[in-house]
Amino acid sequence: MSQKSASTTPATQTAIPAEASGNPRLAKEKKLEGLIAAGIDPYPHVFPRSHQAQELQDTYKDLEAGVETEDAVAVAGRVMAMRNNGMFLDITDASGKIQVFCHKDTMSEDALKVLEFIDIGDIIGAEGTIRRTPRGELSVRAKKVTMLTKSLQPLPEKHHGLTDVEQRYRQRYLDLIMNEDARRVLRTRSQMIAIIRRFMHEKGAIEVETPMMQPILGGASARPFVTHHNALDADFFLRIAPELYLKRLVVGGLADSVFEINRNFRNEGISIKHNPEFTMIEAYHAYKDYNDIMTLIEDLVQTIAMEIHGATQITFGEHIIDLKSPWQRRSMVDLVKDYTHVDFMPMDAAQAHAEAKKLGVSVDPKANWGQVVEAVFGEMVEHNLIQPIHVTDHPLDISPLSKIHRSNPRLVERFESYINGWEMANAFTELNDPKIQFERFMEQVAQRDAGNEEAMMVDHDFVTALEVGLPPTGGWGMGIDRLCMIMTDMHNIREVIAFPTLKPLKD
RNA sequence: GACCGCGUAGCUCAGCCGGUAGAGCACCUGACUUUUAAUCAGGUGGUCGUGGGUUCGAAUCCCACCGCGGUCACCA
């Protein structure tokens, strides 16, 4: 090792065997062995870090180029680049980047020893003094460098990172290391959820948890996952919605407002807007109706946009979307009329089918009036709803848990909020008449028997709960993943989920 | 599920009118030594997704399968 002293910088002159040449993994293994042979722990327990990288960048932002300080710091992070034979190391921690300057003159023989075994990808600690190089880069002039975690895997290509979409999700850790945007999106998601929780707590709502494993399917229309509990010898559905349990808590008077932020599971296709498990907030507010909920959702989304972007206007792809309250409110039937010049309101099912056919919308021949209207809306209207809008007053036929409209018995007091053509929220004045609810359940059962796999099952205990008495209540749910997409300008739901559902690898 | 596209070194990508497989990054050796995607010289590294077919000869053409992506259909 003494030949090193001839050079002014710690050139890496390890005795790496020839067979390691060109094999990053083997070279790293050999360096790991080298560390152990030199009595250096490649995986120490702790490191006395004094600052995060960004803290130092902020604190010393006015330090002039070429200035040395006596300020002692200890930083730690992953080595992302090495220049001049390891004289300059770029390390990144969760906050950002800082350069470590390793010059022989300021390092002891022991301290230099570690440098021989450092590769890109290793996690190291550096203790020294703050300086800004003549070229203007804030650096830690190292007195000592500590191996904190020896990495045995080569990092992806440094300019391009990982591009294979599947590999990015399978090895999200590599994606996060290499891709600033991936980090940004998941951090924004976390921030967004924190804002939602605070907003709800400020409204006096309490957060609750209800079963993910449910013996009776309910609360939404979707195909479920089924699982089995051995000791009970009973099948359970992974929930498609928490709705019926949350309303039971309102019946119980646990709080006037309850909410849950958690996963739902739907056994359906995967697309850029759909992941089999997705996160929703669902909430119920006693003594409120759907008009109150519209205002609440506008407030919430506007608050999120302001805190994340500092503005209500956001960019999504080619669109500029303004989330500022108040949002437009239009009934579903009126919107269909706007876009098709056909008024479905006075029609019966047969007439509606005929009009849908004329519009070129294919509809299940067994569909009732409401289902036809819904199909036409989905085909002709939905994708146009770029700016935020509440689509209100859905057909009774498609809304088995909503209260009948106070001025039109064919409709219910329900709305769905759309942004960027996507359904973002679904809400209604809750049906709390137990007899009507029981009838609606029976209609669902009839649909189920007729082959509709998405129809609900009858939940007798839920009817009992309504018989005990649910106060007048407004309820809503909103897809967190989609909202996160809107807020981060991400166009695939998998970008906003750390570990999206993938086909398992074989073997 | 249907249609279209892609699968080449650890990573990012060329090569595809058939003729022995290339670059950059990473890795190894050396040079340089206040760099910023450091630079320079040399080197290692590939059953070209899998299986079959056509051909004297296939990464390249054909078929099947697997995997992934996109579009469409269903769904939040």
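Numbered from 1 within each chain, the chains take letters A, B, ... in sequence-line order.
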Flag for A:Y169-A:D164: side-chain donor and acceptor within less than 3.5 Å: no
Nucleotide B:C11, atom P - distance to CD of A:E166 in whole Å: 13 Å
Identity of whatever pairs with B:G18 - Watson-Crick or G-U, under 3.5 angstrom: none
Proximity to the side chain of A:F88 - top-ranked nucleotide from B:C68, B:C27, B:U34: B:U34
Short N-O contact, A:R184 and A:E180, less than 4.0 angstrom: no
A:L152 CG to B:A26 C1', straight-line distance once rounded to whole Å: 15 Å
A:T473 and A:E430 side chains, donor-acceptor separation under 3.5 Å: no
Distance between C1' atoms of B:A41 and B:C32 (Å, rounded): 11 Å
Taking N or O atoms only and anything under 3.5 Å, show me the protein contacts with nucleotides 38-41 of chain B, one pair per line.
| residue | atom | partner | partner atom | Å |
| --- | --- | --- | --- | --- |
| B:A38 | OP1 | A:K158 | NZ | 2.6 |
| B:A38 | OP2 | A:R83 | NH1 | 3.0 |
| B:A38 | N7 | A:N84 | N | 3.1 |
| B:A38 | N7 | A:N84 | OD1 | 3.4 |

Among B:C75, B:C68, B:U12, the one nearest A:L162 by side-chain distance: B:U12
Inter-nucleotide P distance (B:G43, B:C6), Å rounded: 35 Å
Length of the CH2-P vector between A:W422 and B:C75, whole Å: 18 Å
For A:R414, all residues meeting salt bridge (charged side-chain N to carboxylate O under 4.0 Å, His left out), sequence neighbours excluded: A:E416
Proximity to the side chain of A:Q99 - top-ranked nucleotide from B:U36, B:C13, B:U33: B:U36
Check ion pair A:K61-A:D58 (N to O, under 4.0 angstrom): no
Nearest listed nucleotide, side chain of A:T133, among B:U71, B:C28, B:U36: B:U36
B:A73 - base-pair partner by Watson-Crick or wobble geometry, distances under 3.5 Å: none
Pair A:R141, A:T133: side-chain N/O donor-acceptor within cut-off below 3.5 Å: no
Donor-acceptor side-chain pairing of A:T106 and A:H103 below 3.5 angstrom: no
Lys/Arg cation over aromatic A:F101: A:R131, 6.0 Å, 45° cone: yes
Candidate nucleotides B:A26, B:U12, B:U34, ranked by approach to the side chain of A:D164 - the nearest: B:U12
Mate of B:A64 where both pairing distances stay under 3.5 Å, Watson-Crick or G-U: B:U50
Touch class at under 4.0 angstrom, heavy-atom based, for A:K503 against every strand present: sugar-phosphate
Lys/Arg-Asp/Glu bridge criterion (N-O < 4.0 Å) met for A:K150, A:E33: no
Separation between the P atoms of B:G7 and B:G49, rounded to whole Å: 8 Å
Watson-Crick or G-U wobble mate for B:G24, both contacts under 3.5 Å: B:C11
Return the polar atom pairs (N/O with N/O) between nucleotides 7-10 of chain B and the protein under 3.5 Å, or none.
none

Sugar-phosphate, base or nothing in reach of A:R132, heavy atoms under 4.0 Å: nothing
Integer-rounded Å distance: B:A26 P and A:L26 CG: 18 Å
Sugar-phosphate, base or nothing in reach of A:G161, heavy atoms under 4.0 Å: sugar-phosphate
Touch class at under 4.0 angstrom, heavy-atom based, for A:N492 against every strand present: sugar-phosphate
Nucleotide B:C75, atom P - distance to OH of A:Y418 in whole Å: 11 Å
Any strand: nucleotide that pairs with B:U39 via Watson-Crick or wobble, under 3.5 Å: B:A31
Interatomic distance, A:H160 NE2 vs B:C13 C1' [rounded to whole Å]: 8 Å
Whole-Å gap separating P (B:C28) and CD (A:E29): 14 Å
Listed nucleotide nearest any side-chain atom of A:P134, set B:U34, B:C75, B:G70: B:U34
A:R78 (side chain) donor-acceptor with A:D122 (main chain) under 3.5 angstrom: no
A:Q171 and A:Q167: side chain donor to acceptor below 3.5 Å: yes
Distance in angstrom units between A:F117 CZ and B:C27 P, rounded: 16 Å
